Amino acid sequence: ALMEDHPRFRDAQLGIIVSSLRALQLFLRKTAKLNRLPDFIVVEGPLAGGHLGFSLDDWAKYDLRTITLEVMQYLKNENLSIPVIPAGGIFTGSDAVNFLEEGAAAVQVATRFTVADECGLPNKVMQEYFKASEKDIEVNTTSPTGYPMRMLKNSPSIGSGISPGCESY
């Protein structure tokens, strides 16, 4: 509603991030009276980096493909043509192609780019990413949101009791 009333933002694209079909349905129900659908939907699975929309008990029960297919089927059933962009757990080009072949409009990939110069991470941190294997990743609740968060086991926040901030290095 704020976007519609503001001439500078009226034509801005509106995207939402959901971690379940239920979250999408809640969003659409709450915004129905605004007569504005999202221009795209990012579906984040439990393997997304950063703050996950899953409780510690539930995060391992879900997978990105299942959630994405549920969202796309719901949109089809409701005759809603909104591009869906899966994110979180897309590790290879083949992963991306599979989602695109299943009807996704695009894929969102982020963690792979943490080692790019443009990311802004210190070289020492980038080297930790390069050296890391799957066993070096931990799911914990040190996230500022209290939701499970995937991070490198040697992250300074693990064991310190200090949640990582969102500010830059």
Side-chain angles (χ1 to χ4, degrees), residues 1-114 116 118-121 137 139-151 163-169:
L2 292 173
M3 288 174 69
E4 178 141 349
D5 293 340
H6 197 290
R8 185 170 166 208
F9 299 113
R10 186 175 300 124
D11 297 324
Q13 294 282 298
L14 175 64
I16 61 167
I17 300 172
V18 296
S19 57
S20 68
L21 173 58
R22 182 173 178 267
L24 173 62
Q25 291 169 327
L26 288 169
F27 176 86
L28 294 176
R29 198 170 311 127
K30 284 189 109 14
T31 59
K33 65 181 176 232
L34 299 176
N35 201 25
R36 171 83 193 264
L37 292 172
D39 295 296
F40 61 92
I41 300 165
V42 175
V43 177
E44 280 197 348
L47 296 180
H51 316 150
L52 310 180
F54 301 88
S55 71
L56 198 53
D57 293 333
D58 288 340
W59 81 273
K61 296 178 188 174
Y62 297 94
D63 68 275
L64 179 61
R65 177 159 276 103
T66 300
I67 300 165
T68 301
L69 292 174
E70 287 175 352
V71 166
M72 290 191 305
Q73 186 61 51
Y74 173 79
L75 294 172
K76 182 178 178 181
N77 293 348
E78 297 294 317
N79 292 318
L80 297 173
S81 181
I82 305 171
V84 175
I85 304 168
I90 300 167
F91 299 113
T92 66
S94 295
D95 292 340
V97 168
N98 289 337
F99 278 107
L100 296 173
E101 288 176 342
E102 290 173 341
V107 296
Q108 177 178 300
V109 181
T111 303
R112 294 291 184 246
F113 295 103
T114 57
E118 295 81 2
C119 181
L121 284 175
I137 306 297
V139 176
N140 58 60
T141 56
T142 62
S143 159
T145 65
Y147 281 112
M149 182 174 178
R150 291 167 43 90
M151 63 177 65
S163 293
C166 297
E167 66 278 350
S168 66
Y169 285 85

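Computed from a prediction, not measured in an experiment: that's the story for all the values here.
With Ser20 contributing its side chain and Ala23 its backbone, the two residues share a donor-acceptor pair below 3.5 Å. Panel note: side chain Asp39, backbone Leu14; a donor-acceptor pair is recorded below 3.5 Å.
Listed here is the closest heavy atom pair of Val43 and Thr68: CG1-OG1, 3.7 Å. Shown here for Ile82 and Phe40, the closest heavy-atom pair between the two residues is CG2-CA, 3.8 Å. Nearest heavy atom pair, residue Ala96 against residue Val107, reads CB-CG2, 3.8 Å. Between Val42 and Gln108, the shortest heavy-atom contact is CG1-OE1, 3.7 Å. Pairing each heavy atom of Leu64 with each of Gly45, the nearest pair is CD1-N, 3.5 Å. Nearest heavy atoms, Pro86 versus Ala106: CD-O, 3.0 Å.
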As a quick check of understanding, evaluate side-chain contact (heavy atoms from CB on, under 4.5 Å) for Ile16 and Leu24, giving each step before the final call.
CA-CA 8 Å; Ile16 61 167; Leu24 173 62; 3.6 Å; yes
Step by step, work out the side-chain contact (heavy atoms from CB on, under 4.5 Å) result for Ile41 and Leu75.
CA-CA 11 Å; Ile41 300 165; Leu75 294 172; 3.9 Å; yes
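Rounding to the nearest 0.5 Å places CD of Glu70 at 13.0 Å from CZ of Arg65. For the atom pair CG of Leu37 and CG of Leu80, the computed distance is 6.0 Å after rounding to the nearest 0.5 Å. Taking CG of Leu28 as the start and OH of Tyr74 as the end, the distance is 5.5 Å to the nearest 0.5 Å. The distance from the CD atom of Gln73 to the NZ atom of Lys76 is 5.5 Å, given to the nearest 0.5 Å.
Side-chain atoms of Asn98 and Glu102 include no donor-acceptor pair closer than 3.5 Å.
Around the CG atom of Asn77, the shell of radius 6.0 Å holds more than 12 heavy atoms that belong to other residues, nucleotides or ligands. Counting non-hydrogen atoms of neighbouring residues, nucleotides and ligands closer than 6.0 angstrom, the OH atom of Tyr62 reaches no more than 12 such neighbours.
Note that Arg112 lies outside the cation-pi zone of Phe91, set by a 6.0 Å cut-off to the ring centre and a 45° limit from the axis.
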